[in-house]
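Since we're looking at a predicted model, the values are computed, not measured. Hydrogens, waters and symmetry mates play no part in the numbers below; they use all other heavy atoms, side chains included. Each chain gets a letter, A, B and so on, in the order its sequence line appears, and its residues count up from 1.
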Amino acid sequence: MSPVIPIPIHLSSASGVPFYKQIFDQMAEAVCSGELLPDSVLPSVRDLSQALLVSLITVRRAYADLEAGGLIIRRQGQGTFVASKIEAATRRRSRGEAQDALGEAVQKARRLGLSAEEISATVQEALAAFGGRDE
Amino acid sequence: MSELVQLRGLRVVRGQFSLKVQSLSVGGGEVLGVVGPNAAGKTTLLELLAGMLGAEFGMVQVFQLDPFEHPAQVRSRLGYMSDDLPVFDLKLSRLMEMISRYYPTWDWDLCRKLLRDFDLSPSDRPSKLSKGEGTKLRLVLAMSFRPKVLLLDEPATGLDLGGRRKLLEYVLRTAGEEDRCVIISSHQLADIERIADKLLVLNNGTVIKQGMAPELIGEGRTLEEALIAWGAAG
């Protein structure tokens with residue numbers, strides 16, 4: 001009955017995060033993690049709107065942002081697809097997210113009274129503990 | 001995108017109450033959510049668009065016609081649903097057959113599908129239905145002829161979760177067609193927030209806010225919180 005969407009998207013109405021942003025975040029993550037493969041077809045705006053029970057404008061906005069970020073492309077008359085080359089955009093995005101997460105960790109460490117050297121050492125330890133070597 | 005519904009300089013006076021809307025337009029493919037506290041003027045607005053009321057001042061156009069002056073031409077393509085709309089107490093199959101004759105575009109396949117989706121049986125009678133089932137029946141009647149303009153006044157009254165989700169699905173499916181639009185008034189703010197492209201916020205007969213829904217609501221708050229911030233919570 002309802003159109004099939006390739007990845008589960010969960011929308012929370014209580015979060016205060018606009019729906020278009022929730023859709024953007026979850027799809028961007030699925031694209032960047034490779035869960036959505038390059039060139040795979042995405043549902044139309046209309047189908048996604050009906051599947052998620054959100055307005056057309058919401059889905060249009062999420063798709064426009066994903067397109068602007070180079071994660072998806074729209075081909076005239078064919079539909080919407082995951083971009084073929086997403087590495088640059090993905091790396092930029094992943095780096096941005098990692099920076100945010102590390103930034104927060106550093107701030108917290110500062111508040112807890114750690115010195116710059118102590119923080120640096122802690123990051124090295126974490127790297128060692130959680131797989132420091134690149135594959 | 002053609003405008004299906006247009007208002008300019010509207011003023012309606014009903015005793016102590018008056019409704020003023022400077023300008024409003026709804027085009028094909030759009031869902032307009034009308035929100036505001038009780039007695040804000042939501043029902044009056046929808047009744048005007050359905051041609052059930054005339055305006056003292058201003059222009060009201062649906063399909064480029066004044067619905068009060070041309071009720072038959074407008075109503076044949078406009079679905080109006082309100083949970084207190086009277087219906088004849090006939091077996092639903094009889095009732096549908098009777099009402100279908102008024103609408104050249106009546107779609108029996110869609111009608112049967114709506115009845116199934118809303119768990120109604122053609123052998124039911126309106127007087128035996130619960131409040132929520134009565135709401136569902138009125139939705140089926142308003143939607144079975146594939147109206148180009150669908151007006152829903154508090155369409156979720158008494159609906160269970162499944163019924164509400166079906167309602168949202170049908171609203172989005174209607175607006176998913178580029179030559180059809182939906183205007184929905186509701187206190188179910190979370191639902192409106194989900195499905196509305198545009199919002200009209202009324203309070204005491206005056207427009208408090210109007211525009212594209214994501215911009216109006218902004219980030220970091222829900223529609224409910226926005227309404228409270230605008231002083232339109234009632």
Original post:
What residue, out of Arg165(B), Glu193(B), Lys198(B), has the most heavy-atom pairs lying under 4.5 Å from chain A?
Top reply: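 Of the candidates given, the most pairs with chain A belong to Arg165(B).
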**OP:** Report yes or no: does Glu219(B) contribute a side-chain atom to a donor-acceptor pair with the main-chain N or O of Val17(A) at less than 3.5 Å?
**Re:** no
Subject >> Side-chain (Gln78(A)) to main-chain (Arg75(A)) donor-acceptor, under 3.5 angstrom >> reply: no
Original post:
Do you know which of Thr58(A), Ile57(A), Val45(A), Leu53(A) has the most heavy-atom pairs with chain B at a distance under 4.5 angstrom?
Top reply: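 Looking at each option in turn, the highest pair count goes to Leu53(A).
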Subject >> Closest contact, heavy atoms only, His187(B) versus Pro37(B) >> reply: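 Scanning both residues, the minimum pair turns out to be CE1-C, 4.2 Å.
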**OP:** Could you tell me which portion of Ala175(B) (side chain, backbone, both or neither) has an atom closer than 4.5 angstrom to a non-hydrogen atom of chain A?
**Re:**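 For Ala175(B), backbone and side chain are both near chain A.
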**OP:** Please say whether the positively charged group of Arg74(A), taken as NZ for Lys or CZ for Arg, lies over the ring of Phe81(A), i.e. under 6.0 angstrom from the six-membered ring centre and within 45 degrees of the axis.
**Re:** no
